[in-house]
Amino acid sequence: MNGNWTGFSKKSPAERLQLLKESGLLQQEYWQPLAEQRTLPLETANQMSENVLATLALPYSLVPDFLVDGRCYQVPFVTEEPSVVAAASFAAKIIKRSGGFETEVHKRQMIGQIALYQIEDADLAAQSVLQKKADLLARADQAYPSIVARGGGARDLWLEQKDDFLIFYLSVDTQEAMGANMLNTMLESLTLPLEELTGGKSLMAILSNYATDSLVTARCVIDYRFLSRDRAEAALLADKMQLASKLAQADPYRAATHNKGIFNGIDAVVLATGNDWRAVEAGAHAYASREGSYRGLSAWTADPDKRQLHGQLTLPMPVATKGGSIGLNPAVAASLDLLGQPRAKELAALIVSVGLAQNFAAIKALVSTGIQAGHMKLQAKSLALQAGAKEEEIPALVSHLTATKNFNLATAQEILADLRKQNQ
Ligand code: HMG
């Protein structure tokens, strides 16, 4: 169902689940565990990790209407932070009206490395390895035949001398998997032949999370009229958003926060789809530093003549749809079903689009109302709950809290006590 999701945020969780059921987007077998709150049985958790005691739950939300490459997605988000889902919903809506996102998956391969040391002549050693390139690629494939049967396998190898090391790199088409086990198995099968060919020693053989062969770009073009009904205000906002993106290029203190805003959305979908968020974060932050200083990952450019704001985000997105714990977790299975069982490339394109949308909402708020207005409205609800407010007490407490300039848990508790006295 790509129909009408208006008012979705105003419904109760039970009503949202009912709507999801009626939409036909989620098959019954995936919907049931969500509806019955059976998202991760303890026995499954015990298979996924060690020394398991229990599971830790996080809010599982839905952000409607992400239009990416002409296809509309209802996107699962797992996040504990108030206003992330609201901001993504807001941005997705505006960007859909402006034509949606266009994406480009530059490549989908993973890189691994073997660090060789104690090599007398690095040039000669590299030459010996390159002469055996075809043999070494075949040997890597033999170490992991199932990926070759699936259409993937070792694709390239190269060497670079860095400090005391001659580093051997292997690039592998991992198809639907993230490929850590695959790469590590292939690399370990090559350490002995490489030691023989180079006369050196292998220090380690491991996948790299700097996934520069898995770069994805998302772009969007937003008409000024969606920024504000007021023409002059819309143009001013677009100019300020362009400046905000320039600031994130100039100052690492701002760049870190700018990118954190991007990851508010990215991590939420990476988590919901059972992917390794540490790997995605490590790769993206290394990519943000590729020119020697840490910079913002996105760029916003205003085109005053066409009255359009252009957004672009590129980063490594080595996500998988198979392997790891993806097949084990029922909530993850529901997420993938909700997204129409995407291939890894499609999922990566969607996730980078989500990052761009999240960044749009954050910097639009920052250069206009300020972050506190929207964020604190939602933060107030969390504080109300923490203060012990009952369901029926929440609206009044939230409205009193947002009318107070600076509020915290103590303020929430005081106001709640006052409200209760008044209602006695
Ligand atoms: P608003 O204009 O007050 O929103 O913005 P609205 O009440 O007019 O609603 C507009 C639409 O937003 C709604 O449409 C929803 O789609 C969505 P409707 O459904 O009403 O037709 N929306 C919501 N969806 C779900 N639940 C809600 C909800 N409220 C609105 N409760 C908004 C409010 C929060 C969207 C805006 O202020 C905003 O985008 N703020 C940015 C918030 C943000 O980025 N938060 C992340 C935490 S801060 C941070 O960690 C990152 C940061 O530091 C990054 C950086 O510095 O770059 C900021």
Side-chain angles (χ1 to χ4, degrees), residues 3-13 15-16 19 59-67 72-98 222 226-230 233-234 237 240-269 281 284-285 288 294-300 311 313 354-385 394-395 398-399 401-402:
N4 193 357
W5 294 86
T6 310
F8 190 69
S9 63
K10 319 273 181 317
K11 295 185 188 301
S12 68
E15 288 169 332
R16 291 185 195 124
L19 190 79
Y60 181 100
S61 307
L62 184 103
V63 178
D65 280 349
F66 265 94
L67 183 62
C72 202
Y73 297 88
Q74 319 308 329
V75 184
F77 268 49
V78 172
T79 181
E80 87 298 349
E81 187 169 9
S83 89
V84 167
V85 167
S89 307
F90 171 70
K93 194 173 290 180
I94 289 189
I95 296 169
K96 185 181 176 203
R97 283 192 199 129
S98 302
I222 301 172
F226 297 122
L227 297 179
S228 167
R229 288 207 184 100
D230 182 303
E233 190 180 54
L237 256 176
K240 285 185 172 179
M241 289 182 73
Q242 176 171 288
L243 269 178
S245 116
K246 213 171 159 186
L247 174 64
Q249 295 301 310
D251 175 26
Y253 284 89
R254 175 57 207 152
T257 322
H258 180 97
N259 291 344
K260 188 271 182 186
I262 292 172
F263 277 94
N264 276 340
I266 288 183
D267 283 349
V269 188
E281 290 251 6
H285 295 304
Y294 188 87
R295 292 169 191 265
L297 286 160
S298 66
W300 293 94
L313 173 63
V354 166
L356 186 58
Q358 202 75 52
N359 178 236
F360 166 80
I363 62 173
K364 179 175 178 293
L366 282 171
V367 302
S368 55
T369 55
I371 203 67
Q372 292 305 74
H375 186 63
M376 292 316 275
K377 197 162 83 181
L378 298 163
Q379 185 79 25
K381 199 173 160 194
S382 293
L383 279 179
L385 284 166
I394 290 174
V398 166
S399 118
L401 276 173
T402 43

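In listed order, ligands and their atoms are each counted from 1.
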Between the protein and ligand 1, are there any N or O atom pairs that come within less than 3.5 Å of each other, and if so, what are their names and distances?
| residue | atom | partner | partner atom | Å |
| --- | --- | --- | --- | --- |
| ligand 1 | 14 (O) | Lys93 | NZ | 2.7 |
| ligand 1 | 16 (O) | Lys93 | NZ | 3.1 |
| ligand 1 | 19 (O) | Lys93 | NZ | 3.3 |
| ligand 1 | 20 (O) | Lys10 | NZ | 3.2 |
| ligand 1 | 21 (O) | Lys93 | NZ | 2.8 |
| ligand 1 | 45 (N) | Ser83 | OG | 2.6 |
| ligand 1 | 50 (O) | Glu81 | OE2 | 3.3 |
| ligand 1 | 50 (O) | Lys260 | NZ | 2.8 |
| ligand 1 | 50 (O) | Asn264 | ND2 | 3.1 |
| ligand 1 | 56 (O) | Arg254 | NH1 | 2.8 |
| ligand 1 | 56 (O) | Arg254 | NH2 | 3.2 |
| ligand 1 | 57 (O) | Arg254 | NH2 | 2.7 |

What closest approach, in Å, do [X] and [Y] show between heavy atoms, and which atom pair accounts for it?
| X | Y | result |
| --- | --- | --- |
| Pro64 | Ala92 | O-CB, 3.8 Å |
| Leu227 | Lys364 | O-CE, 3.6 Å |
| Glu233 | Ser228 | OE1-OG, 2.6 Å |

CG (Asn259) and CZ (Arg254) are apart, to the nearest 0.5 Å, by 9.0 Å
Which of Leu313, Ile262, Ile94 passes side chain to side chain contact (heavy atoms under 4.5 Å, CB included) with Phe360? It is Ile94
- Message: Does the plane of the ring in Phe66 sit parallel, tilted or perpendicular to the ring in Phe77? Use 30° and 60° as the thresholds.
- Response: parallel
